[in-house]
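Below, each value reflects all heavy atoms present in this structure, side chains not excepted, and no hydrogens, waters or symmetry copies. Below, chain A is the first sequence line, B the second, and so on; all start at residue 1.
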Amino acid sequence: MSDQQPPQPPPGDDDADAGRPEDAGPVAVTEAELAQAEIEAAKERAADTAAVTLDATFSQRLIAALTGTSVTVTILAFVSALVIGAFIIAVSEDAVREALGYFFARPTDAFRTGFDAVGSAYLALLQGSLGGVPQVSETLVSSTPLILTGLAVAVPLRAGLFNIGAEGQFVAGGMVAGLVGFAITGLPMVVHLPLALAAGIAAGAAYGWVPGVLKARTGAHEVISTIMLNNIGLLVSGYLISTTLFRRPDRADPISRSVEESARFPRLIWWEPSLRVNASLLVALALAVAIFWLVERSTRGFELNAVGMNPRAATAAGMSPGRSVILAMTTGGAMAGAAGAAVILGLQYRLTIGFSAGLGFDGITVALLGRGRIGGTVAAGVLIGALKAGGRNMQAQTGTSLELALVIQALIIVFIAAPGLVRAIFRIKAEDLATTQVSKGWGG
Amino acid sequence: MRLELQAITKRFPGVVANDAVDLVVESGEVHGLLGENGAGKSTLMNILYGLYGADEGQILVDGQRLELDDPGDAIDAGIGMVHQHFMLVPVFTVAENIVLGVEHTRRLGKLDRARASTEVAALAERSGLPVDPDALVEDLPVGIQQRVEILKALYRDARLLILDEPTAVLTPQEADDLFDAIRAFTAEGRSVIFISHKLREHRAIADRISVLRRGRIVGTADPRTTSEQELANLMVGRPVELSVSKPAATAGDAVLAVAGLGVENALGGRVVEDVDLTIHAGEIVAVAGVEGNGQSPLVRAITGLQDIAEGTVHIAGRAVKGATRKQVLRDGTGHVPEDRGSEGLVADFSVAENLVLNLWDAEPFARRGTLQFAAINAHARELVDAYDIRTPSIATTAGSLSGGNQQKLVVAREFDRPIDLLVASQPTRGVDVGSIEYIHTQLVAKRDEGTAVLLVSSELDEVLALADRVAVMFHGRLVGPFDTPISKEAVGRMMAGADPAEVLGTPPGGDT
Amino acid sequence: MSQTMTAPAGQRRRERRFGIFSLLVLAIMLGVFATSARGEQATFVLNDARGQLFELPNLVVTVVPAVLVLSAVVAVIAYRQFTTGFGSKAVIVVGVVALLFVMAFLTWAAAGGQLSVVGLLRGSLARATPIALGGLAGVVCERAGVINIAIEGQFLAGAFTAAVVSSLASDPWIGLLGGIGAGVLVAFMLAGLTIRFKADQIVVGVVLIVFATGVTSFLNTQVLSGNPELNSPTRFTAIAIPVLSEIPLIGPVLFRQSMLVFGMLFAVGALHYALFKTRWGLRLRSVGEHPKAADTVGINVLATRYKAVLLGGVFAGIGGAWWTLDAVGQFSREMTGGRGFIALAAMLVGRYSPVGAFGAALIFGFSDQIATSLQLLRVPVPSDLLLTAPYLVTILVVAGLMGRLRPPAANGKPYTKE
C-alpha cells in the first residue's frame, strides 16, 4: 500500500450532495471511445497469452517460437540444468572430494579438479553427439524413438490428457512387432517389414486405447490408469519373453529369438556398416508430418484441441469429448508403439527384459520441452537424442555415469514446468510465462 | 462500526479495477454499492476483506488505520462477508463450516463437535435463521446455504457485513426475508454493505447508495429522493432505456413442442417433472424462476445436451430424443448457454475459431476433413463487423475480450445461421449495459424474422421486458406460459411456488 | 428440489456385474483348483519357525473337499447377487468372494506341501509397511489439495540416504533421520515448485521421480560402487514384544516385527485420528476441498499445503528407509521397483483415508508376499502375472467399478489469491 495520505473528507460532506447524481462523476464517454478502450484492454490481455492460431504457417510458427519468451525459458532451462549437472559431476568425482578434505588449506585444488572433471565430461558429451559423422548418426539413432514417444505424449497433451503410459505402449508395440518379425518367416521385405511395423503400431494403439476408453466411459484418470498399465505391461512382457513363444530355444535366460532379416529396417548409409542410422528415422519423420496434419489442420484436430482446452464448450458445440479422448490416446499409443517397433526392428532385433529402457518416460521430457507442439516435439526429440548419444560417449570416455543424462533431463523439465523458477533465478521480467497445466485432479 | 475507505486503487492487466475509491459506511447504516458488471464492486470488497491487496490507499475502522494482509485480519477487525459464490465446503457439515478457523478444541487438538453444534443451533435460533447444524452443506438448497454463510459471519461477531449480490439466488419473497434480517442486524448498531446491480433492491433496503462506474465512485445518492431512472443513468454514465421497444408478436406455427418432459440428474433424481411447453414461430416465451429450479436441465434436455428421461421434445417436427447434440444444432437450433466461460466458448481459441465452433466440420469451413482457414477467417471478419464484436483482430484469443464482447461473439455464432428455434439462457449475465441493450435488440430482431425464441432468465425485469408469454419454473415444474402483461408481483409469487390460480385469480383449469 | 435416491437400475446392473465376477471366480475354483491339485492334502503351519510358548497343531486339510466347500459358498453368493442383491453391502461381499478365492488358491497351492501361514502373514505386513507409509504420504498431500505422484522418488531418495547415513553413523536411527531428511527434501521440491511456482503437480511429480532415480542411480554407480563402506548400513532388527508376541498366530505376525513396522502402525492410527478428529485435520481438509473458503476464514492455504507436503515427505522417507534399514540392508539401483506407484494405488483404493490406504497396502503386501512364497513352493504360477494384481485392482477402482471415487475437490489445482 502507498504511504501517501489523501486529505480527509470532512464528515458528512456527501449528505448535501446526495440525490444530485448529475454533478457527480466524469462526463459520459462516447460510444466510439468506449469501443476503442475495450479493444485496447483486450489487446493488453491478449499480450499475456502468446498463442499461435491453428492456421499459422510454418514461418509464422517459427518466428513466434523464436521471439516468444518460451525459447528464452527453454534455453535458460537447458543452461540451468547443465550447471546443476556440472555441480553433481564435480561432487561425485573422487578427486574432488579428496580435495574438499583439505579445502581450507588449498581451496584451488577442489575448484581445479572440479572444473577439470566437468570440462572433460561435457566435452565428451558434446563430441559424442555432434563430433563427426558417426556421432551424428548415433544422435539420430537415439532421436528416432524419442521423436515418436514425444509425439505419443504430445498428442494427448493437446486433448488435455497426460499420457504417462508411453512406456507401456512402447513395450506393447515392441513385443508385437518383434513377434511378427521372428515368428513369420519367408516373406519378402516389402511385405514383412511394413507388416511388423503395422503390427507394432496397432499394438501400441490398442494399449493406448484402453486408458482412453476408461477415461471416456468411466472418467478414470488417465495418469493413474496409464501408470498401472505401464507396470502391467512390463510384468507381462517379462513373463512372455521367458515363455517358449518368445524365448530363444538355445538360451535359458529371458531373451527372445531374433527378428528375421526381412523385417529389419535397412540402414540408411548401407556402405558404412558401423553407422546405425536406419530407415525408421524416415518413418518417424513421416509420422510426425501426418500428426501435424491431424492436430493442426484437420477437423478431428480442431475437435481434439477444443476438447483439450474446454471440454464442456466442446460438448455444447456438438463435439464428442469422449471420441476425442479416445482418438488422442489411441493415436498417442500408436506413436509409442511405432517407437517400440522402430527400436526392435531397427536396432536391437530381439526382445530382452526391460528393452524399453525408459524411452517412453523420456517422451514426457520431449513433449514438454516441445511444449506439446508437433514441430517443437520433433526438435526436442533430436535434442534429447543428442544428450543420450553424448551421454554414452561421456560414460565411455570419462567414466561419468550415463544416469547423469537422466538428471539433466529431469532438471530441464523442472525449469520448463515452472517458468517462475527461471524468472526468479535470472530475474527476468516476463509476465507472460504461462505454466503448463495439464492435470485437473483425479477425475472421479 | 464506522468504516472508511480512502483512495483505494487496484490495477489488473488491461484494467484499473478501482481508481482512487473513497467510501464511508456509518454505524447502523445499510450502504448500497451499485454498479454494472465489471464496475469493480467485487474487487473493492475483496480488498476490504483482505483477499486482494490494494495498490494504493488505506482503510480506517472507527478512525483506526487497518492493515489487511489476509481475511483473518478482516475478521479480527469485525468485518464479515457473504460471497456471491458461497465459501462453504460442500462435504463438511453446517457446524463444521461455521466454526472453521475458530474451532474449540479439547485435549490433543480434538475438535469439540458437540459444542460447535449446540452453539450453532443457539446462534441460528437467536438470529432467526434456522438451520440444522449437522446437515451436510451439499445437501442443502442454495437459500439455506446462504443462511449458513450469514451465520458464519455472525458467529465471528461481525460488526460490518458485506453482502455480495445476495438476492441472485432468492425469490423476491425470500429476498424480503433477507431484508428483515438485515434490518434486525443494523438495529444493533452494526453496518451492512449491500452490493447489487438491481436498482429496485437498493431502493428497498439501502440508507445510502454509492454508485461505482468503471472503477470510480461517480456519486452517492439517497434512495428516498433518487428515482430508478436517475440511478440507472448514473450507473451507466449516459441515459439508459430501461424498457425494450418491440412491436407486437405475430406468432406462427408451433416450432418447439415439449410434452410431459421429465429429466433426471446424475444421481437419478428428478429435476424436471412433467413439463409441457409450446413455442410458436415469431414469439418469445420466457421462463422465469430462481436459479436451480430445473431451468438448466430443461434447456439442456431441449437442446440435446442431456438425456430425456420421460416425455418428448420436438423441434420443427423433429424429435430431439435419440438425436445427438450436433444433429440438434445443425438441424436449426441456436443455443446461447447460460455460462459462456465454461460452455459458450473456448477461451484459448481465437475469435475466428470460436465463431465456427459449432460448424467446424461443415462446408465451407472444412473440406475432406481439412480445415479451410480462408473461409473461416472470411466468416469471422464478416461477423465481427455485423455484430460489433470489439476485438483487436480475429486472431485474438476469445478469453481476452471483455465479458460483453465474449457474449456478443456467442450471440453472433448462434444467431447468424438459419435456425427455427433459439434458446437463450441468461443471455445478459455478467454483461455491461451497452451489450445488454444490444443483445435484447438482437433477440427481438430474431423473433421478428420468425424464429421461435425460448428465453430463460433469473432477471425478472429482463423476462418482463422481452417476453410475449411468461412461464415460471419452481421445483422442476413449469406453470404457464401466461400472456403478457403480467404483474411482477404475480410472477414473483409463482417463483416462490404459489398456485397460479390463486395469484392470477382466474382458474386456468378445473381445480380450485 | 425433489432428490430421489440412486436409481435402483444402476445398482442392479452393478450387482449383476459383481455376480459375473463371482461366476468367474467359481469357474477357476472348480475348473482349476478342484481338478489339478498336486497332492491330496495341504498343510498349513500356524507356528513361528523360531518357536513360541504355545504351539498350535498344523492345520491339515484335504484339498478337493475344501475347495468344493468354498466353491459352494461362492455359488450361493453369486445366486443372491443375481437375484435379490446385497444392497449397500455389495462391495463388501465382493471382498468376501475375493477372500474365499484366495483361500481356495492357497489350499490348491499348498497341496502336497507345507505353507507357513505365519510367515505369509508376517511377510505381508512387512511388505505392506513401505506401501502403507507411501499411501499416508499421498493421503496427507492430496487431502490438502496437492497431488503427490512422486512417492516413488521419495522412496528412492529415502532409501539411498538412509543407507549412506546409517553406514556412516553405524546407527539405524540416525540413518532413519537421513531417510526422512531425503524424503522431506524431495517433498520440499514438490511443494516449492507446485505451490510457490504453480507448476503442474503431475508433471512435477513425474519429473521428481526421474530426478530421484537419476541422482540415486548416478551416485550409486559413481560413488557407492567404489566405496562399499558407504553402502553397508546398520539395520533395524526384529523386536519381539514380551507377552504379546507369544499369543498364538497373532503374536508372531503382529508383535515380532521391526521398529519400522510398529512405527507404520502407529502412524496410520495417528494420521487417521488427526485428519478426521482434530482441528488440524479439519483445516487441512478444508484447504483441499475449497481453498478459497479456507482462506476467507483466515486459514493460510499455502502454509497448510507446504506443511502437509513436507509431512508427507516424512512418511515417504521412512517408507524408503524400510528397504535399506530393514528389508534388504543395502542400496541398489531402482531397488524400490515401482512400489511408490503401488503406494499411490493404495491411497486411491483406500479412498484417501489412512486406514483405507493401510488396508489396501495389506492386500498389495499380501500379493507381493504370495508371489515369493509360491516360488518357494514351486507352484507353477508365473509370479510376474500375480504381481499385476495391485495394478489391475487399481484400474478397476479408478474406473468406478467399485463405487464412485471422490477425490478432494481442489486436488491438483494451484491456489492463487488474485
Would you confirm whether A/Asn310, through its side chain, and B/Ser342, through its main-chain N or O, come within 3.5 Å as a donor-acceptor pair?
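The answer is yes, because a donor-acceptor pair under 3.5 Å joins these two groups.
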Are the side chain of A/Arg300 and the backbone of B/Gly369 linked by a donor-acceptor contact shorter than 3.5 Å?
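Side chain of A/Arg300 to backbone of B/Gly369: no pair is present.
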Report, as yes or no, whether the 6.0 Å neighbourhood of atom [atom1] on [X] holds more than 12 heavy atoms from other residues, nucleotides or ligands.
X        : atom1 : answer
B/Arg417 : CZ    : yes
B/Asp62  : CG    : yes
B/Trp360 : CH2   : yes

Taking every non-hydrogen atom, the tightest pair across B/Leu345 and A/Ala313
O-CB, 3.6 Å
Identify the heavy atoms of A/Thr299 and B/Ala366 that sit nearest to each other, and give their distance.
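Heavy atoms of A/Thr299 and B/Ala366 come nearest at CG2-CB, 3.3 Å.
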Measuring from [X]:[atom1] to [Y]:[atom2], what's the distance to the nearest 0.5 Å?
X        : Y        : atom1 : atom2 : result
B/Gln306 : A/Thr315 : CD    : OG1   : 12.5 Å
A/Ile39  : B/Ser400 : CD1   : OG    : 12.0 Å
B/Lys326 : A/Ser320 : NZ    : OG    : 9.5 Å
A/Met319 : B/Asp361 : CE    : CG    : 8.0 Å

Go through the atoms of [X] and report whether side chain, backbone, both or neither lie under 4.5 Å from a heavy atom of chain A.
X        : result
B/Asn354 : neither
B/Leu329 : side chain
B/Leu305 : side chain

Is there side-chain contact between A/Met309 and B/Asp348, with at least one heavy-atom pair below 4.5 Å?
yes
Go through it in stages, so that I can follow the logic: the residues are B/Thr370 and A/Trp293, the test is side chain to side chain contact (heavy atoms under 4.5 Å, CB included), and I'd like the CA-CA distance, side-chain angles, deciding distance and then a yes or no.
CA-CA 8 Å; B/Thr370 306; A/Trp293 174 82; 3.2 Å; yes
Report the relative orientation of the aromatic rings in B/Phe349 and A/Phe302; use parallel for angles under 30°, tilted for 30 to 60°, perpendicular for over 60°.
tilted
